[in-house]
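Each remark here refers to the structure printed beneath this line.
As a basis for the values below, the full set of heavy atoms in this structure was taken, side chains included, without hydrogen atoms, waters or symmetry mates.
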Amino acid sequence: MKNYFIRKESEFIYFVELKKEFYEPKAIMYAADMFTEQCHVKIDEVDHDTVGVWFKLKYEVDSDKLEDLLGEFCNEALKKQVQIDLEDRFGKLREIIIYRKAFERVGGIE
């Protein structure tokens, strides 16, 4: 089972389908935002377990560059999801370490 699928809708419109099982909406939104310079982006729920992202190119590009761009989007969505997962898992620990170091510098924790 693939966690994403890319399809050409028309000459300048492409569709990327992402499984919610692997990607939270927040990760998809963060990743999509990084591509708004090159594309118009539309995000919508396809069904209960899939999110669709439509890319309409703002500028003419060759097909190899476009495939790279969509691949970069999928990689970026994965990176953002990993960041979210790590923050959920270790966010409190990181916060405790930051506070501890700050108070150690001023002599407030033994």
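When side chains are defined from C-beta on, Met29 counts as touching Ile43, because their heavy atoms get closer than 4.5 Å. Contact of the Asp33 side chain with the Val41 side chain is not registered, since no non-hydrogen atoms from C-beta on lie closer than 4.5 Å. Using a 4.5 Å cut-off on side-chain heavy atoms (C-beta onward), Glu24 and Asp85 make contact.
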request  = Decide yes or no on ring pair (Phe, Tyr, Trp, His ring centres under 6.0 Å) for Phe55 and Phe73, but give the supporting numbers first.
outcome  = CA-CA 10 Å; Phe55 294 88; Phe73 166 76; 5.0 Å; yes
query = After noting the C-alpha distance and the side-chain angles of Lys42 and Asp44, does the key distance pass the side chain to side chain contact (heavy atoms under 4.5 Å, CB included) rule?
reply = CA-CA 7 Å; Lys42 180 181 184 271; Asp44 203 1; 3.5 Å; yes
message = Between His40 and Trp54, does the side chain to side chain contact (heavy atoms under 4.5 Å, CB included) criterion hold? Intermediate values first, please.
response = CA-CA 8 Å; His40 297 284; Trp54 285 263; over 6 Å; no
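Residues that satisfy the salt bridge (Lys or Arg N to Asp or Glu O under 4.0 Å) test with Lys8, not counting sequence neighbours, are absent from this structure. Partners of Glu76 according to the salt bridge (Lys or Arg N to Asp or Glu O under 4.0 Å) rule, which considers only residues two or more places apart in sequence or in another chain, are Lys79, Lys80.
Atom NZ of Lys56 sits in a sparse spot, with 12 or fewer heavy atoms from other residues, nucleotides or ligands closer than 6.0 Å. Within 6.0 Å of CZ on Phe15 lie more than 12 heavy atoms contributed by other residues, nucleotides or ligands.
A salt bridge is defined here as a Lys NZ or Arg NE, NH1 or NH2 lying under 4.0 Å from an Asp or Glu carboxylate O, and Glu87 with Arg89 fails to meet this definition.
Nearest heavy atoms, Glu17 versus Thr50: CG-CG2, 2.8 Å. Scanning both residues, Asp47 and Glu45, for their nearest heavy atoms gives O-CG, 3.1 Å. Nearest heavy-atom pair, Gly52 versus Val46, reported as atom, atom and distance to 0.1 Å: N-CG2, 3.4 Å. Summarising the geometry of Ile84 relative to Ala27, their closest heavy-atom pair is CD1-N, 3.6 Å, with the distance given to 0.1 Å.
Here the CD1-OH distance, from Ile28 to Tyr23, works out to 8.5 Å after rounding to the nearest 0.5 Å. In this structure, the separation between CG on Leu70 and SG on Cys39 is 7.0 Å, given to the nearest 0.5 Å. Here Leu69 contributes atom CG and Leu57 contributes atom CG; the two are 7.0 Å apart, rounded to the nearest 0.5 Å.
By the criterion of side-chain heavy atoms lying less than 4.5 angstrom apart, applied directly or through intervening Ile, Leu, Val, Met, Phe, Trp or Tyr residues, Leu78 is grouped together with Ile6 in one hydrophobic cluster. Residues Phe22 and Tyr30 are members of separate hydrophobic clusters, defined by side-chain heavy-atom contacts under 4.5 angstrom among Ile, Leu, Val, Met, Phe, Trp and Tyr.
In terms of modelled atom types and a separation under 3.5 Å, the side chain of Lys19 and the main chain of Val51 share no donor-acceptor contact.
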